[in-house]
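What follows is a single structure, written as structure tokens, with notes after it.
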Amino acid sequence: MRYASIGNGRLLVNLDEFGRIVDFYFPYIGMENQTAGTPIRYSFWVDNKVILDTDLITSLSYLDDSNIIQIDSKKDWLSVSSFAFIDPDSPTYYLIMKILNNSGENKIIKIFFAHDFNIYSNPFGDTAFFDPYTSSIIHYKSKRYIGIKLLSAGSFDVEYNTTKGNPLDDIYDGKLDQNPIAHGNVQSSIGMEIKVNSSSSSKIYYVITADRNLDDLRKKLTRLNTAEIESNFVTTYMFWKSWVNKGSKERNSLNKLYNVSLFVIKNHMDINGSFIASSDFSFVNLYGDSYQYCWPRDCAYAAYALDIAGYGELAVRHFNFIKDLVSPEGFLYHKYNPNKTLASSWHPWIYRGKGIYPIQEDETALEIWAIGTHYERYKDLDELSEIYKKFVKPGLQFIMNFMEDGLPKYSFDLWEERYGIHIYTVATVYGALTKGSILAEGMGDETLAEDSIEVAKTLKDEVKKRMVYNGRFIRRIDENGNKDLTIDASMYAPYFFGMFDPADEIVWNTMELIAQKLNVSGGIIRYENDYYQRRKQLPNPWIITTLWLAEYYIDIGKISEAEKLINWVINRATKSGLLPEQVDPETFESVSVIPLVWSHAEYIIALNKYESIKKKEYDKP
């Protein structure tokens, strides 16, 4: 299970519940997992026996609201206190490991690390060798080079091995075989012996750094020393404390998860502005694909969350990424890779014998909405000029052209399961038109701004006529023109994106049905009888849908009801603070991927609403 993530836009590392590296994304955040989800193992050799990583009782947490992971492990007299962090500017992972001896006698301890890198996410054609000039293990293939180094304060010798076998088999006699090179599907191990006196401790330093060529990698490995690592720890800690203080709140149970959410979003953001939905690689082994893509919808929520948290410059970085993806027609496709190429998709280009756009129109609309709301907040016309010309303007024109009888034409829904005219899509289009018109006006494009508002008004009128049933919204008009009356949590969208007031009777009736019909074990499921990832009699509650209802309750002043839902979400996080996509309705264990960036973005959105209301109450005379 993924239990913590750290990153810097060039490298993202996930740690599992034992504190082991399980995912290592370089050079793109999400595109190449150089471990392919295989954990990097560690073990101790002491008193002629092995203590494996899985033998230890381990806990992980974010250190003092910083993007550094504290790992505490214990077995009998052996205690290990570690700090894992990534250099803010370099694709370099550091682990400072403090080994404590509580046995009452002096100990000689060996520590081993075993690696099964699968460079470019596949095991074929790799090479691993011991480099005597840098005293490190190097794995490489083509333009990917990974160096591993083990250091201590003393002048202890390093042991090593490269093999096509299981590197763990080599540790049970307490020494490594010293095979200098291997190729193919290779593994490696590196080890060091240290003395730890009774009631004392010793430190070792484990470093993994990556590069695109061998010479630059070896230069970095040569420069490594224990003093530099300790100094990097301090500067990295101070950097992240300053970074999070820009957007964080007062320290309490609600805001601890808020700060972790900021880190999760930042860690899943590539230096080029892409966000991936999740870095959890476990899905690949189950389904042959993953969440390691840039979905414009998820990205728009992430950018909006950063905007309202005070990180507008990061939102602009994302918008600059998006502006280069727009199709000639003005829309965004289903999803993208972090290197700006088209990602895998299951949406067809033909439906019932007719050619269609394989899109979810809400994704195009949401990005325009996010850019428009950003402009409302920051008024940074210069930063948005190219973004407007390349994406917002053609996107608005596409949206207005992609209409029929006052409503958007058919496309796929946000759950990526159905074709039709969806109330969620319609609401996001309304949000794009209204927020996009403000930016268009700011850019001097008054005709487009006026046209956008007129189309938005027509859209709202048509919704009242055709997408309301028995005083509440319908989920969609299906491909046969029939009303889909299924209660769906995404029917919150007309209120959230400004089409209807929260107090409107139609909104009230709709949200009451969501609260009544979709509540499972205190959380909110996606829609009635949802079968996605379902393992029990009841569907799985989702984090984002639960927070949608919380946001609505905040906006209508039902604060205690909102607090219950927010606290339900907090209790679904791991102890380290990661939020999943959904949870088991009985055990509340994570189901599907963890962390999900959208879950963390939605938490930031909900908590900002909540604290804004609480502040207004506090400021009342």
Side-chain angles (χ1 to χ4, degrees), residues 1-2 5 10-16 18 20-43 52-54 91-93 112-131 136-150 160-171 176-191 206-214 217-218 221 276 278-293 337-339 341 343-344 593:
M1 181 179 179
R2 278 66 185 166
S5 83
R10 296 174 176 88
L11 173 66
L12 186 153
V13 168
N14 283 332
L15 305 177
D16 66 11
F18 300 105
R20 309 176 302 188
I21 293 175
V22 67
D23 299 312
F24 189 94
Y25 292 96
F26 167 83
Y28 296 102
I29 302 304
M31 193 166 178
E32 297 173 23
N33 186 358
Q34 309 299 351
T35 65
T38 303
I40 292 177
R41 303 295 304 271
Y42 68 92
S43 60
L52 295 174
D53 43 29
T54 52
T92 303
Y93 168 87
F112 300 110
F113 289 87
H115 322 94
D116 183 10
F117 284 107
N118 293 283
I119 299 179
Y120 288 101
S121 300
N122 75 74
F124 308 112
D126 290 1
T127 299
F129 70 95
F130 180 74
D131 180 19
S136 63
I137 294 280
I138 294 176
H139 286 245
Y140 75 90
K141 179 164 58 190
S142 188
K143 295 182 179 180
R144 305 290 181 260
Y145 293 81
I146 299 171
I148 307 116
K149 194 163 185 174
L150 201 54
Y160 61 86
N161 193 33
T162 62
T163 177
K164 288 187 178 181
N166 184 351
L168 286 180
D169 293 340
D170 190 32
I171 67 173
L176 301 181
D177 286 347
Q178 311 283 93
N179 185 47
I181 192 165
H183 71 97
N185 184 3
V186 297
Q187 289 81 44
S188 72
S189 50
I190 192 168
Y206 174 72
V207 183
I208 306 179
T209 188
D211 214 301
R212 294 173 185 259
N213 69 75
L214 179 60
L217 180 79
R218 293 175 76 188
L221 291 167
I276 59 170
S278 178
S279 55
D280 187 341
F281 198 78
S282 61
F283 243 49
V284 173
N285 298 323
L286 293 173
Y287 297 99
D289 212 337
S290 67
Y291 280 45
Q292 297 149 223
Y293 300 112
N337 295 308
N339 66 351
T341 57
S344 63
V593 295

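Values in this document were obtained by computation on a predicted structure and should not be read as measured data. Residue numbers run from 1 in the order of the sequence given.
Contact detail for Ser136 and Leu221: the closest heavy-atom pair is OG-CD1, 3.3 Å. The two residues Asp116 and Val186 make their nearest non-hydrogen contact at OD1-O, 3.7 Å. In terms of heavy-atom proximity, Phe281 sits nearest to Gly37 at CD2-N, 3.7 Å. Minimum heavy-atom separation, Ile276 to Pro338: CG2-CG, 4.0 Å. For Asp170 against Leu176, the heavy-atom pair with the smallest separation is OD2-CA, 3.1 Å.
Partners of Tyr93 according to the side-chain hydrogen bond (donor to acceptor under 3.5 Å, both in side chains) rule, which considers only residues two or more places apart in sequence or in another chain, do not exist here. Here Arg10 pairs with nothing under the salt bridge (charged side-chain N to carboxylate O under 4.0 Å, His left out) rule; sequence neighbours left out.
With Lys141 contributing its side chain and Ile119 its backbone, the two residues share a donor-acceptor pair below 3.5 Å. Listed for the Asn161 side chain is a donor-acceptor partner under 3.5 Å among the backbone atoms of Asn179. The closest donor-acceptor contact from the side chain of Asn339 to the backbone of Thr341 lies under 3.5 Å.
Aromatic pair Tyr206/Phe113: centroids less than 6.0 angstrom apart.
Going from atom CD1 of Ile146 over to atom CD1 of Ile138 covers 11.0 Å, rounded to the nearest 0.5 Å. In this structure, Leu15 CG and Ile21 CD1 are separated by 6.5 Å, a value rounded to the nearest 0.5 Å.
Of the N and O atoms on the side chains of Asp280 and Ser278, not one donor lies less than 3.5 Å from an acceptor on the other residue. Side chains of Thr127 and His183: no donor on one and acceptor on the other come within 3.5 Å.
Asp16 and Arg2 are not joined by a salt bridge, as no carboxylate oxygen comes within less than 4.0 angstrom of a charged side-chain nitrogen.
Between Phe117 and Phe24, the ring-plane angle classifies as perpendicular under the 30° and 60° cut-offs.
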